[in-house]
Every structure is written in structure tokens, then in C-alpha cells.
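I have placed the structure first, in the form of C-alpha cells, so that the comments after it can refer back to it.
One-based numbering, in listed order, for ligands and for the atoms of each. Quick caveat: nothing in here was measured; it's all calculated off a predicted structure. When a residue number appears, it is its place in the shown sequence, counting from 1.
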Amino acid sequence: MHEFTLTKSILNMALEASHRHGGLPITRVSMQIGSLRQIQPDLLRFAFESASKGTPAEGAHFEWETVPAHIICIRCEHGFIPAGVFWICPRCGASGGEVVHGDELVLRSVTLKDLSKGEDQNGN
Ligand SMILES: [Zn+2]
């Protein structure tokens, strides 16, 4: 279970943010997930929810944005979106390329509960 391993580092980063603010509860975790990552966001969320039990991140809303793949051909530098697992340049036919987008796995933001107001910092 790839997702469960990743969850641990995501959770640790989120908890660090909470820790820096005196252990405030986490209400929301936002991720950016590249489509080239072999990740099922639903599984990631499930894993996060399980792993966060008993921590300040318990019950946090887990959301994500998928980043589409974008490849630059190594021969002609044409940018393209790969159709499958093989990256064939539609212009020159070369295989392989450099990843510009699509391999992201980024913790974009962590929202902490503002105890003084009793609601999210984002005011949701
Ligand atoms: Zn090319």
C-alpha cells in the first residue's frame, strides 16, 4: 500500500505545522497530486483519516488538486501530454522526455482551527 507510506510523511508535515502553533487542531489539509504519481487520492484520504486518529489532524478535511502530466521531448523540446505509460513525442517520435508537471506530491496548505474565533482561519 503505497498510499499508507506516503500518508505518514504528509501527516508528519501537517502535524509540524500544528506543533508550530502550539498544537492547534487541523481542520483542512490541501494537496497537489501529479497524475504521473501512481496514487489514488481516495486511498490517500482514507489512509490519512486512519493515521490521524488521536492526533490534532483527526477529522481534518482532506482535499486535493490533480496536476495533469506535461512532458518536454528530450530531442526536439516539444511539450506534450503523454497518452499512456510510454512517452512518445507526437512531433518527432522520440521516446522519453523530461517531466515538467505531473510528478507533484505537495502539501499545499494546512488550515488550523482558530480557537479564539471557534472556526476555521479561512472563515469557512
Ligand atoms: Zn520530439
Side-chain angles (χ1 to χ4, degrees):
M1 296 293 267
H2 189 45
E3 283 79 2
F4 281 84
T5 321
L6 290 168
T7 296
K8 220 180 159 184
S9 54
I10 294 164
L11 180 62
N12 282 341
M13 283 189 278
L15 290 177
E16 240 173 68
S18 159
H19 188 69
R20 278 197 300 271
H21 293 86
L24 281 178
I26 296 164
T27 57
R28 184 179 313 203
V29 173
S30 297
M31 300 285 303
Q32 255 186 338
I33 302 173
S35 64
L36 294 174
R37 294 268 181 173
Q38 301 290 306
I39 291 174
Q40 294 185 44
D42 277 326
L43 263 184
L44 199 61
R45 179 174 61 189
F46 175 74
F48 185 87
E49 283 169 358
S50 314
S52 63
K53 288 217 166 68
T55 75
E58 183 172 357
H61 180 66
F62 188 91
E63 60 184 25
W64 65 88
E65 177 197 331
T66 306
V67 184
H70 191 89
I71 306 295
I72 294 283
C73 173
I74 41 172
R75 193 198 287 167
C76 74
E77 296 187 341
H78 176 63
F80 64 98
I81 293 164
V85 288
F86 300 107
W87 301 346
I88 309 293
C89 173
R91 191 155 86 179
C92 74
S95 63
E98 230 172 277
V99 176
V100 183
H101 289 297
D103 63 349
E104 289 86 353
L105 184 66
V106 181
L107 180 60
R108 268 181 71 212
S109 70
V110 176
T111 308
L112 302 172
K113 195 178 179 110
D114 187 343
L115 294 176
S116 64
K117 285 189 204 150
E119 51 190 51
D120 288 6
Q121 277 181 357
N122 285 354
N124 222 7

Discussion item. Test of understanding: with salt bridge (charged side-chain N to carboxylate O under 4.0 Å, His left out), list the residues that count as partners of R37, not counting sequence neighbours.
Written reply: none
Discussion item. Tell me whether the count of non-hydrogen atoms from other residues, nucleotides or ligands lying under 6.0 Å of NE2 in H70 goes above 12.
Written reply: yes
Worksheet item: What class does the angle between the rings of F62 and W64 fall in, given that below 30° is parallel, 30 to 60° is tilted and above 60° is perpendicular?
Response: tilted
Worksheet item: For the Zn ion (ligand 1), which protein N/O/S atoms are closer than 2.8 Å?
Response: C73 SG, C76 SG, C89 SG, C92 SG
Discussion item. Does H19 have more than 12 heavy atoms from other residues, nucleotides or ligands lying within 6.0 Å of its NE2?
Written reply: no
Practice prompt. Heavy atoms only: give me the nearest S52-A57 pair and the separation to one decimal.
Written response: OG-O, 3.6 Å
Worksheet item: Are the side chain of E63 and the backbone N or O of R28 linked by a donor-acceptor pair below 3.5 Å?
Response: no
